[in-house]
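The block underneath contains the structure these notes are about, expressed in structure tokens.
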There are 2 protein chains.
Amino acid sequence: MIDRYLLRYFLAVIDHGNFSRAAEQCNVSQPTLSVGIAKLERMLGRPLFHRTNRRVELTPAGAHFAVHARRIEAEFNLAEAAVAGQRGRRTVRLGVLATISTALVAQFASVPGDADEQVELVEGRERDLLDRLARGRIDAALTILRPDNDRYAREALWQEGYGLALPASHRLAGEEMIAAEALADNVMIVRRHCEVLAETSHHFTTRGVRPFFAARTTNDDRALALVAAGMGVTVMPDRHAAPGVVRVPLAGFDHVRRIGLLFATHADPADLGRTVTLAAVRRAAAA
Amino acid sequence: MIDRYLLRYFLAVIDHGNFSRAAEQCNVSQPTLSVGIAKLERMLGRPLFHRTNRRVELTPAGAHFAVHARRIEAEFNLAEAAVAGQRGRRTVRLGVLATISTALVAQFASVPGDADEQVELVEGRERDLLDRLARGRIDAALTILRPDNDRYAREALWQEGYGLALPASHRLAGEEMIAAEALADNVMIVRRHCEVLAETSHHFTTRGVRPFFAARTTNDDRALALVAAGMGVTVMPDRHAAPGVVRVPLAGFDHVRRIGLLFATHADPADLGRTVTLAAVRRAAAA
DNA sequence: CCATATCATAGACGGTATCTATGATAGACC
DNA sequence: GGTCTATCATAGATACCGTCTATGATATGG
């Protein structure tokens with residue numbers, strides 16, 4: 001059966017007049033395109049190109065085939081556009097990193113009622129979201145961007161450091177910056193799925209500070225509430241905030257996380273990017 | 001990118017109103033089709049079907065998409081037909097088992113000059129031909145049909161046994177049938193790539209007959225020539241014949257080989273089957 | 001005759017379409 | 001209400017094949 005990718009190779013060769021540049025346009029290597037054309041010719045039982053060393057040109061059979069190939073490609077595009085422009089609620093499934101501030105998530109948790117769209121939020125840790133992306137269970141993920149992961153199309157949104165969260169009543173609440181040593185006899189709250197948990201632990205222990213852990217939670221809102229209640233302090237990303245909680249930088253702790261969108265391979269980033277849901281995500285990120 | 005196979009799944013579901021029978025028509029399992037439709041829906045960002053337990057029906061988006069899907073499928077078929085009906089020499093690459101009689105092969109070695117076709121014969125052993133089929137280097141193979149190999153579409157042509165080939169001057173040349181024991185002190189010629197070589201050897205040794213091997217060749221025509229020259233006798237498929245060579249059955253040796261065409265997966269058996277080349281193969285087989 | 005540009009071939013790798021096996025759900029029937 | 005049957009969905013393993021890198025073949029130009 002003739003597959004669509006073969007038509008694209010074929011049309012690219014026609015448009016560029018040579019295999020190498022056609023391959024480049026198709027984002028494949030030249031040999032890949034070469035075997036692709038050969039396969040197409042085998043399936044049709046006839047050569048589609050005359051290969052001379054300096055150029056390739058269509059055979060008569062190739063010329064006839066090209067007419068249909070172009071029509072098919074055009075029709076595929078029309079088909080996608082027809083459904084994209086279609087009325088009827090579209091569901092955008094968005095994975096959200098669990099350590100992203102609830103206040104921020106709340107800003108795009110629901111879309112306006114007049115939009116033909118609904119959001120489905122899936123909370124998870126970094127690894128969970130990547131798994132879901134790979135399996136196609138979500139359309140995009142709002143998560144940490146790692147330079148070494150180039151499997152997915154991405155859109156950077158913001159970056160933030162980590163700092164201390166203290167009760168407003170804390171004796172150090174007014175400081176510009178706090179050193180780890182100043183917290184020697186403090187009570188701390190552990191955010192168990194924090195992505196820099198190991199680094200945080202290391203930061204304190206190498207400075208001889210071994211605080212008592214009054215609570216361990218995977219829920220950042222609970223951690224904030226406990227801080228506000230005066231139970232202890234914690235380290236968390238800068239954008240987390242709550243009434244009664246003061247944020248102060250931690251001296252020498254300069255980790256930064258880059259947050260943005262990763263798009264599932266099944267999704268068209270341009271199309272998905274135009275949804276009101278992702279527009280709301282961008283607005284919330286910029287605020 | 002939406003692939004063609006997904007459209008076929010989609011159209012099959014519409015035509016049958018249920019996934020299971022659609023899968024059957026597409027020659028895939030029901031789960032395969034299920035994930036295929038799911039993938040298509042993810043790519044388009046919208047469900048294409050309403051699933052109730054008793055039936056599936058198109059959503060509005062699905063109905064719009066269906067129009068384009070049908071048009072695309074039709075255009076694919078037109079494209080193939082356009083090239084198939086095209087003038088210009090078409091090359092049919094036919095693998096031929098080396099142990100098939102030269103006289104038979106000669107009958108389809110060339111096609112009439114007025115046909116828009118040329119043949120390219122590739123000789124090889126059974127294994128070679130299967131390799132070439134798998135790699136798409138030949139369009140079809142005239143070879144042994146094994147029941148356990150269902151990788152390729154097939155067309156049975158004939159079957160033949162194996163028997164002795166004797167010089168016309170041989171003392172047993174007039175017999176109706178010859179037993180292995182009667183050949184005890186005969187000289188034999190070994191056809192080295194015979195597919196039943198092991199069985200032949202076994203047949204003689206278990207009967208206490210250990211003849212002298214005067215020649216070992218991979219060329220059946222040479223083997224026949226040596227037999228005609230009176231050098232010795234050999235065992236070969238029944239359809240091998242030459243002047244001065246008499247064929248007599250070998251008692252108790254009832255192996256049979258079934259010969260036919262295997263079609264490469266890239267080829268459309270129906271289309272390829274209509275070529276004058278394969279018509280000539282059929283005529284030669286029937287003669 | 002070497003340098004350059006072209007397409008073809010070979011062997012290895014990885015992704016994914018596919019499989020079998022199983023689950024989930026709901027209507028039909030007694 | 002249970003059980004049967006028909007439906008689609010999910011999970012994990014498998015195998016094919018599209019893709020890669022590396023190399024070859026072939027012609028053209030300086």
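Each chain gets a letter, A, B and so on, in the order its sequence line appears, and its residues count up from 1.
At C:dT6, none of the side-chain N or O atoms of A:R51 fall inside 4.0 Å of OP1 or OP2 (strictly under the cut-off).
For the pair A:R55 CZ and D:dA27 C1', the computed distance is 13 Å after rounding to whole Å. Rounded to whole Å, atom P of D:dC8 lies 12 Å from atom NE2 of B:H16. Following rounding to the nearest Å, B:R132 (CZ) and C:dA10 (C1') show an atom-to-atom distance of 15 Å. Separating the CE atom of B:M1 from the P atom of C:dT16 is a distance of 12 Å, rounded to the nearest angstrom. Rounding to whole angstrom units, CZ of residue B:R21 and P of D:dA6 are separated by 11 Å. Note: OH (B:Y5) to P (C:dT16) measures 10 Å, nearest angstrom. Between A:R42 atom CZ and D:dC17 atom C1' there is a gap of 12 Å when expressed in whole angstrom units. Atom CG of A:L6 is separated from atom P of D:dG18 by 7 Å (rounded to the nearest Å).
At a cut-off of 3.5 Å, with distance as the only test, no side-chain donor of B:T218 or B:R191 sits close to an acceptor on the other residue.
A salt bridge is absent between B:D220 and B:R192: the closest approach of a Lys/Arg side-chain nitrogen to an acidic carboxylate oxygen does not fall below 4.0 angstrom. The pair A:R51-A:E57 does not meet the salt-bridge criterion, since no charged nitrogen lies less than 4.0 angstrom from a carboxylate oxygen. A:D131 has a carboxylate O that lies under 4.0 Å from a charged side-chain N of A:R127, or vice versa, which qualifies the two as a salt bridge. A salt bridge is absent between B:R125 and B:E195; no separation between the charged side-chain nitrogens and carboxylate oxygens falls under 4.0 Å. Between B:R46 and B:E41 there is no salt bridge, since no side-chain N of the basic residue sits under 4.0 Å from a carboxylate O of the acidic one.
Counting non-hydrogen atoms under 4.0 angstrom, B:Y9 reaches the backbone sugars and phosphates but no base. Among the protein residues, A:T52 comes within range of no part of the nucleic acid, since none of its heavy atoms lies under 4.0 Å from any strand.
Both tests pass for B:R4 against the ring of B:F76: distance under 6.0 Å to the centre and angle within 45° of the axis.
The A:R137 side chain lies nearest to D:dA11 when the options are D:dA11, D:dG18, D:dT7. Of the candidates D:dT7, C:dT18, D:dC8, D:dC8 carries the atom nearest the B:F19 side chain, counting heavy atoms from C-beta on.
Residues of residues 26-35 of chain A that place a heavy atom closer than 4.0 Å to DNA chain D, in numerical order, are A:N27, A:V28, A:S29, A:P31, A:T32, A:V35.
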